[in-house]
Amino acid sequence: MTAEVTESLPDDSRRSVAVIGLACRYPDADDAAGLLDTILTGRRAFRRIPRGRVDLADYYSPDPGAKDATYSTRAALIEGWRFDHGAFGISEPACASAGPAHWLALETAARALAAAGFPGGTGLAGERAGVFMGTTMAGDGSPAAALRLRWPYSRRVMADAMSASGLPAEVAGRVLAAAAERYLAPFPPVSAQTLAGSTPASLATAICREFGLRGGGLTVDTAGASSLTAMASACLALTAGELDVAVAGGVDLSIDPLDLVGLAKSGLLATSDMRVYDEHPTGFLPGEGCGVVLLMRTADARAASLPVYAEILGWGVATNGQADLPETDAAAHLLAMRRAYEMARVDPGDVQLIEGCGTAVQASEHAELTALAALRAGARQVAVLGSISANIGNAGAAAGAAALIKAVLAIANGVLPPSTGIRTPHPMLRDGRAALRLPASPEPWPAGTR
């Protein structure tokens, strides 16, 4: 990644937040360079879900109505990653007390700090630095502990079934002993560290503790908006003067049977590659990953001669506040975007790149495009539209971080990325009312402010 000097937008410097470092790990992308390559080449990271993650022999059925089953077999998954607990001075038992998402967030935060020139947090005033992380689950360690502690119930069910079938007590005892050994083997024993390592709050506080950041650790759960909500919270703390530096991002490794079956019952999953902003959307495929950025007020970053890859000038949050109807979703989209642009003091019609949500779900995309058309009414130029979900799937709590990092990489490298995952553009994109286009290949960013 390169940082190119561009003219700053005229704005109150206290309202501008600089991205001074970043790191990530997403499917087929172990770092920012890999993610940029995925984006620019239009690579798609979807594969059949391996047995080690979810055994489809137990949960797959082509019948969408089948009980406790999913009709989709594909996802975008991280492969080949293992946490090096020794490099962080963490014992193996302590490592086992929390799930992989916990440690992926810690490792990625360490890389983001190093990328900004603060390896291990050195050079930072710890009491003026905080952590804001998005996640949508209590941690991978929590389901493992829950399964282990469900063994007494499973044992009673097995004992009752064997007794009802007339199996001799001696034989039943041997069967139960063998079953206990096999059932409990994959799940580490519950220890004093298990509860702390499995709670959402521990994800942010572990990063604080590891790097001596004493400004506070906040874990945020707003579903797919978790990482962007965490980043907005970090920006608010910076612009209010509460902190000088913030580690912000999101992590999600929650692909499991409950997610797959639940999403299938909602009819949201695709059975082929995702098509986003398409006339015939497919539904989405699950993804996962982690993205972290290091943030500082832009004026402070420039005064310290730190690299500024991009500036965050505004943000907005809204919900529909009513029933889940497409028209109310469009109103919520529009309200959040208008708040962000008003804070940034930027005309939406001047923007050249919009990184959208791109759910590949018909009602959701119609609402998003309706809001964008209203926002950009009378726009003087056509903007590029895309969604990284077409490359790496819906990464849950880490999705917003991936989208923001994609935009930062595009700005820093002066490139308008291609729009992946479109066969026949949505009618609202073909008729021009949203002033948006879908380039098939990368383009140089035009001269001027990005």
Side-chain angles (χ1 to χ4, degrees), residues 8-19 132 134 218 220-243 246 248-250 293 295-298 310-359 364-381 383-387 397 399-408 411 428 433-436 449-450:
S8 295
L9 292 169
D11 198 274
D12 179 355
S13 61
R14 289 185 58 81
R15 281 293 182 93
S16 175
V17 174
V19 178
F132 301 79
L218 176 67
V220 177
D221 182 357
T222 52
S226 296
S227 55
L228 286 184
T229 307
M231 291 179 181
S233 300
C235 289
L236 187 61
L238 291 168
T239 56
E242 296 173 3
L243 297 174
V293 295
L295 304 175
M296 180 182 285
R297 286 183 294 275
T298 300
E311 297 177 39
I312 299 173
L313 302 179
W315 52 90
V317 178
T319 62
N320 60 31
Q322 301 179 43
D324 291 331
L325 300 175
E327 56 267 29
T328 58
D329 285 343
H333 275 296
L334 185 58
L335 176 59
M337 290 191 290
R338 280 181 170 162
R339 285 174 170 171
Y341 281 100
E342 286 170 6
M343 180 186 291
R345 303 177 191 175
V346 172
D347 184 340
D350 291 337
V351 170
Q352 295 159 306
L353 171 65
I354 293 179
E355 173 65 12
C357 188
T359 62
S364 298
E365 291 199 343
H366 181 79
E368 184 180 1
L369 292 173
T370 298
L372 284 170
L375 180 76
R376 293 178 53 77
R380 291 180 291 276
Q381 63 179 332
V384 168
L385 173 67
S387 172
L404 184 134
I405 289 172
K406 173 184 172 181
V408 169
I411 290 170
M428 292 180 66
R433 75 180 96 165
L436 297 167
T449 301
R450 299 171 192 163

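- Distance check, rounded to the nearest 0.5 Å: OG1 of Thr239 to CD1 of Ile312 gives 10.5 Å.
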List the steps and the verdict of side chain to side chain contact (heavy atoms under 4.5 Å, CB included) for Leu385 and Leu369. CA-CA 10 Å; Leu385 173 67; Leu369 292 173; 4.0 Å; yes
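- In this structure, OG1 on Thr370 lies 10.5 Å from CG on Asp329, to the nearest 0.5 angstrom.
- With sequence neighbours left out, the salt bridge (charged side-chain N to carboxylate O under 4.0 Å, His left out) criterion links Arg338 to no other residue.
- Ala336 is linked by a side-chain contact (heavy atoms from CB on, under 4.5 Å) to Ala318, counting only residues two or more places apart in sequence or in another chain.
- Residues Ala332 and Asn320 come closest through the heavy atom pair CB-N, 3.6 Å.
- A donor-acceptor pair under 3.5 Å links the side-chain atoms of Arg450 to the main chain of Ile411, judged by distance alone.
- Residues Val408 and Val293 have side chains not in contact (no heavy-atom distance under 4.5 Å, counting atoms from C-beta outward).
- Minimum interatomic distance between Ala230 and Ala248 (heavy atoms only, all atoms of both residues): O-CB, 4.5 Å.
- At distances below 3.5 Å, at least one donor-acceptor pair connects side-chain atoms of Arg297 with backbone N or O atoms of Leu238.
- Taking CG of Leu335 as the reference point, atom CG of Leu375 lies at 11.5 Å (rounded to 0.5 Å).
- With contacts defined as side-chain heavy-atom distances shorter than 4.5 Å, the pair Thr229/Val317 does not qualify.
- Contact detail for Ala401 and Gly250: the closest heavy-atom pair is CB-N, 4.2 Å.
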Thr359/Glu365 under side chain to side chain contact (heavy atoms under 4.5 Å, CB included): CA gap, chis, key distance, verdict: CA-CA 6 Å; Thr359 62; Glu365 291 199 343; 3.7 Å; yes
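- Scanning both residues, Ala344 and Gly314, for their nearest heavy atoms gives CB-N, 4.0 Å.
- The nearest pair of heavy atoms linking Glu368 to Gly358 is OE1-N, 3.3 Å.
- Separation of atoms CG (Leu236) and CD (Glu242) is listed at 6.5 Å; rounding is to 0.5 Å.
- Partners of Ala377 according to the side-chain contact (heavy atoms from CB on, under 4.5 Å) rule, which considers only residues two or more places apart in sequence or in another chain, do not exist here.
- Counting all heavy atoms, side chain and backbone alike, Glu311 lies closest to Ser16 at OE1-OG, 2.7 Å.
- By the side-chain contact (heavy atoms from CB on, under 4.5 Å) test, Leu228 pairs with Met231, Leu404, sequence neighbours left out.
- With sequence neighbours left out, the side-chain contact (heavy atoms from CB on, under 4.5 Å) criterion links Ala379 to Arg376, Ala435.
- Remark: Glu355 pairs with Lys406 by the salt bridge (charged side-chain N to carboxylate O under 4.0 Å, His left out) rule, at least two apart or across chains.
- Distance CG/Asp347 to CZ/Arg380: 4.5 Å, rounded to 0.5 Å.
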Audit row: Val19, Leu295, side chain to side chain contact (heavy atoms under 4.5 Å, CB included) steps and yes/no: CA-CA 5 Å; Val19 178; Leu295 304 175; 3.8 Å; yes
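- Without hydrogens or angle criteria, Gln381 side chain to Asp350 main chain gives a donor-acceptor distance under 3.5 Å.
- Here the side chain of Ser227 pairs a donor or acceptor atom with the backbone of Gly400 at under 3.5 angstrom.
- At least one donor-acceptor pair closer than 3.5 Å links the side chain of Asp221 to the backbone N or O of Ala223.
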